[in-house]
Amino acid sequence: MNKTLANFLSKPASIVAPLLLGSILEREVDGKLLRVKIVETEAYDQTDAASHSYKGKTPRTDIMFGEQGHLYVYFTYGMHYCCNVVTDVDGIGSAVLIRAVEPLEGTKYMQELRNHSGRDLTNGPAKLCQALAIDKQLNGHDLSTSPLKLIIQEPINPRKITQTKRIGISQAKDVPWRYYITGNEYVSRP
DNA sequence: TGCCTGATGTTCT
DNA sequence: GAACATCAGGCAC
């Protein structure tokens with residue numbers, strides 16, 4: 001694990017989530033390079049009823065309780081994958097869900113992977129996983145290594161970040177741990 | 001443009 | 001056996 005990245009992610013999810021906005025994900029697949037910018041995140045930790053780690057460590061959530069900087073991929077609703085960046089130190093079940101990204105490079109191949117084009121290419125957690133060919137094979141992947149790298153950028157101006165309640169969940173809806181870049185067209189709809 | 005619904009697998013009770 | 005951190009397509013307005 002890259003030390004700078006590990007250090008950056010060594011804090012609770014609610015702290016890291018807004019700092020991840022504007023950072024870059026680089027994905028290599030089939031010899032092609034895909035680059036996207038993170039524009040929307042949600043924080044989850046073990047004190048949070050909506051979190052997979054809330055009920056303690058299970059085989060499924062093992063990754064969330066592990067070392068920060070790894071990818072936690074889960075399968076949901078019978079047909080979709082979603083990906084999280086594990087944060088906080090080893091032993092704490094804390095992660096940041098990537099909800100939306102903005103395509104920077106390889107857009108055409110993402111459209112092929114999604115078999116879909118247009119604005120709604122990556123504006124949802126399951127959509128971006130499909131666009132980046134992320135599935136459970138990448139569960140536990142170290143984000144400082146290929147074929148999927150997280151590249152931290154300077155944190156964007158907090159004034160350009162909107163913080164709201166989370167969406168698409170049934171528990172702890174009132175916890176305001178959703179963050180997105182204000183006005184970015186790739187953010188999912190509220 | 002916006003609500004409603006079906007598809008469908010993994011996990012935990 | 002139910003819940004689920006979802007999406008896409010259909011149909012009404």
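To find a chain, count down the sequence lines: A is the first, B the second, and so on, and within it residues start at 1. Hydrogens, waters and symmetry mates play no part in the numbers below; they use all other heavy atoms, side chains included.
- Rounded to a whole Å, the CG atom of A:Leu128 is 12 Å from the C1' atom of C:dA5.
- Put simply, CH2 on A:Trp177 and OG1 on A:Thr164 are 13.5 Å apart, with the number rounded to the nearest 0.5 Å.
- Looking at which nucleotide of DNA chain C each of A:Gln171 and A:Gly124 is closest to, the 5′-most match is held by A:Gln171.
- Across all strands shown, A:Ala50 has heavy atoms under 4.0 Å from base atoms, whether or not it also approaches the sugar-phosphate.
- Remark: A:Arg178 CZ to A:Thr41 OG1 distance equals 9.5 Å, nearest 0.5 Å.
- Within the 4.5 Å cutoff, the side chain of A:Val85 has heavy atoms near those of the A:Leu150 side chain.
- Residues meeting the ring-ring contact (aromatic ring centres under 6.0 Å, His included) test with A:Tyr81, sequence neighbours left out: A:Phe75.
- As rounded to whole Å, 13 Å separates atom P of C:dC7 from atom CG of A:Leu121.
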Annotated protein contacts, base or backbone, on nucleotides 6-13 of chain B with a non-hydrogen cut-off under 4.0 Å, one of B, S, - each: -BBBSSS-
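- Put simply, CZ on A:Arg99 is 11 Å from P on C:dA5, counting in whole angstrom units.
- Looking at A:Arg99 and A:Ile167, their side chains come closer than 4.5 Å, going by heavy atoms from C-beta outward.
- The distance between atom NZ of A:Lys127 and atom P of C:dA5, rounded to the nearest whole Å, is 18 Å.
- Inter-residue side-chain proximity for A:Lys127 and A:Thr122 is flagged as unmet; no heavy-atom pair is nearer than 4.5 Å.
- Within 3.5 Å, a donor on the side chain of A:Asn84 pairs with an acceptor on the base of C:dA5, or the reverse.
- For DNA chain C, runs of at least 3 consecutive pairs of the Watson-Crick or G-U wobble type, with both hydrogen-bonding distances under 3.5 angstrom, map to B:1-7 with C:6-12, B:9-12 with C:1-4.
- Position along DNA chain C of the nearest nucleotide to A:Tyr74 versus A:Arg114 favours A:Tyr74 as the more 5'-ward residue.
- Rounded to the nearest 0.5 angstrom, A:His52 NE2 and A:Thr58 OG1 are separated by 9.5 Å.
- The shortest distance between side-chain heavy atoms of A:Ile134 and A:Leu148 falls below 4.5 Å.
- In this structure, A:Arg166 CZ and A:Lys173 NZ are separated by 11.5 Å, a value rounded to the nearest 0.5 Å.
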